[in-house]
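Read through the structure below, which is laid out as structure tokens, and then see the notes.
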Amino acid sequence: MSALMSLSKLLTRDTLQEMTPENLEATVRRSSRNGLAPKRLQYSPEEETPKKKRKTKAVAENGSQNKKPKDEEDAENNDVEHAPEEYGRLSAYELERLENIRQNQAFLSSINLFQATEEFKQLTRPKPSQRGLTRAHAAVKEVLPPRKSLRLQKKEAEILELPPEPRGTLIYEQSSPAKKPSGPLPMDPVNVEEGSKLPPQLLELCSEDAKEDKKIQLDLKGYRSSVKNMKINEDKVAKVVKDRIFSATFHPCTSSLLLAAGDKWGKVGLWKLGGDWGDDGVLLFQPHTRPVGCMAFSRSHPTQLLSLSYDGSLRCMDVEKAVFDDVYDIEDGLKTFDFMSHDCSTLVVGNWYGEVAIVDRRTPGNSHESLHTLDPKTLRCVNVHPLQKQYFVVAESKVVSIYDSRNLKKTKSQAVSQLHGHSLSISSAYFSPCTGNRVLTSCMDNNIRIYDTSTMTTKSPLLTTIRHDMQTGRWLTKLSAVWDPKQEDCFVVGSMMKPRRVQVFHESGQLQHSFMDSENLSTVLSVTAFHPTRNALLGGNASGRLHVFSD
DNA sequence: AAAGCATGCCACC
DNA sequence: TGGTGGCCCTGCTT
């Protein structure tokens, strides 16, 4: 009996998508051992990779955690494994019934249900939202005059010299557009008619005083219900930039939802939900030429959006002045920044050579002092303590360090505290939003970790470890867990699980909610962020679409 | 329409 | 250490 049952159970569970790659693997293993549909129940290409990934050292070490206890597994298989020996005692009716079941199984296997369900899901997958940037705008093609060869023009061919061999190791330099010149860039949207002015409502909205941060900490139950109330619909998805989103943020205003996203080719899109300017409320700009790794609105001057790019530029979009001003600039390789003061005038900026710079926006030029980390080329995230602004946390290669900006040296600065336990590279590290008593990290070893930084001792203790598939691969922005600024102890993170979802966890590791929607959420949302004051959550995907869950 | 292509990551050897 | 191979989304082109 259980042959068909476990098959149907498997399919049902898969359809319900309560399955992690781990327990899927376990179920498949069980089914194969029982001689059920051994071939057909192999991984579809989609499911195959998590298994392969588990070959990595860190995962292999912890892999056993995910297996069910053996007796539980055996209990589930009991009737199957003993069935053959019992055949002799069965009535003719029962034998016939078993034979029917066997034939049904063979049939089900032969039609390749597993693959079929995957294909069905592909077929029924909703079309991406057509809101926001239109295709015409997304791919602006230059209209070139018709070309005629010299031969057709009946002219003598010129002797052309080959361009010099490109030098340097950066192959991207050949293909990517040149970096924007320094100095203020006019804030001209690239997706609306040339010469048209910024909509006046944008300035109005951006100028809106950020409501006094009344951080009313809810109890967990209250928080859960507020989060469960947040929904998505077709009006809350739009293509805001052309390509893969690297960073995104909410504007702090509350009368409308205004969002910004930065993409792989240095574009920055602004989107007001329900807005009537641009493409469905979307305005697109190009202040940079390579990925916009980090962006944030100034809390003291909300008409300003700071954006940082791998191309080495850090700019300040000022809606009032309608320009992108220079803030800081190096040749190449800016990675991350955070505000160091409440007035947002000083910043800590990190590059991928492992240096951090303290930048004061009030003094012109690159006035900064540098800190050289022990592990060059591994700095991925900096984040400033919410209360004690002299402290900032740095995700280095396999260790997270907390530094005191007052005690920085040119090299070999002493960390105030270190967070140990990561076995692979760390993609992000953030102080908890209200007290800074916790640091939340996301690591390529497939773990999210929470540390206790309340005492700031030389070694901050690890409190919680949460297993989470971080293998986004090359084409997706890496996942990072980020706190809800309204709730000291809860955070949000994207997920690779199908159906696609965004998860909210408590610092204890307890899952609070999974945001899902068969119609409007069908892709991995790598970039996630909560609104600073409203019940709203954003998620950005690899095709430039922003998704909003709100109440 | 199905298939192919492009694609700024990481860990491992 | 640099080179290599696997990651496996999405949108657009052929």
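Lettering of chains follows the sequences in order, A, B, ..., and the numbering in each one begins at 1.
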### Message
Tell me whether the rings of A:Trp483 and A:Phe491 are parallel (<30°), tilted (30 to 60°) or perpendicular (>60°).
### Response
perpendicular
### Task
Check whether any side-chain nitrogen or oxygen of A:Arg380 sits under 4.0 Å from OP1 or OP2 of B:dC10, and answer yes or no.
yes
### Side chain proximity check, A:Lys272 to A:Leu257, heavy atoms < 4.5 angstrom
no
### Query
A:Lys478 side chain N/O closer than 4.0 Å to the phosphate oxygens (OP1, OP2) of B:dC10?
yes
### Task
Indicate, yes or no, whether a donor-acceptor pair under 3.5 Å links the base of B:dT7 to the side chain of A:Trp475.
yes
### Query
Could you write out DNA chain C as a dot-bracket string, with dots for unpaired bases, | for bases paired across to another strand, and Watson-Crick or G-U pairs counted at under 3.5 Å?
.|||||...|||||
### Query
Any side-chain heavy-atom pair from A:Val492 and A:Gln503 closer than 4.5 angstrom?
no
### Residue A:Ala542, side-chain atoms from C-beta onward, closest of B:dT7, C:dC9, B:dC10
C:dC9
### Salt bridge flag under 4.0 Å for residues A:Arg290 and A:Asp311
no
### Query
From B:dC9, B:dC10, C:dC9, pick the nucleotide closest to the side chain of A:Phe246?
B:dC9
### Message
List the residues meeting side chain to side chain contact (heavy atoms under 4.5 Å, CB included) with A:Gln304, not counting sequence neighbours, and say none if there are none.
### Response
A:Ser298, A:His301, A:Cys316, A:Asp318, A:Arg361
### Query
Below 4.0 angstrom from OP1 or OP2 of C:dC9, is there any side-chain N or O of A:Thr523?
no
### Task
Check whether any side-chain N or O of A:Arg244 sits under 4.0 Å from OP1 or OP2 of B:dC9, and answer yes or no.
yes
### Message
Can you see if the side chain of A:Thr472 gets near the phosphate of C:dC7 - specifically, an N or O under 4.0 Å from OP1 or OP2?
### Response
no
### Task
Indicate yes or no: does A:Lys242 engage A:Asp263 in a salt bridge with an N to O separation below 4.0 Å.
no
### Task
Just compare B:dC10, B:dG8, C:dC9 and give me whichever is closest to any side-chain atom of A:Val524.
C:dC9
### Query
Among B:dC9, B:dT7, B:dA11, which nucleotide sits nearest the side chain of A:Lys264?
B:dT7
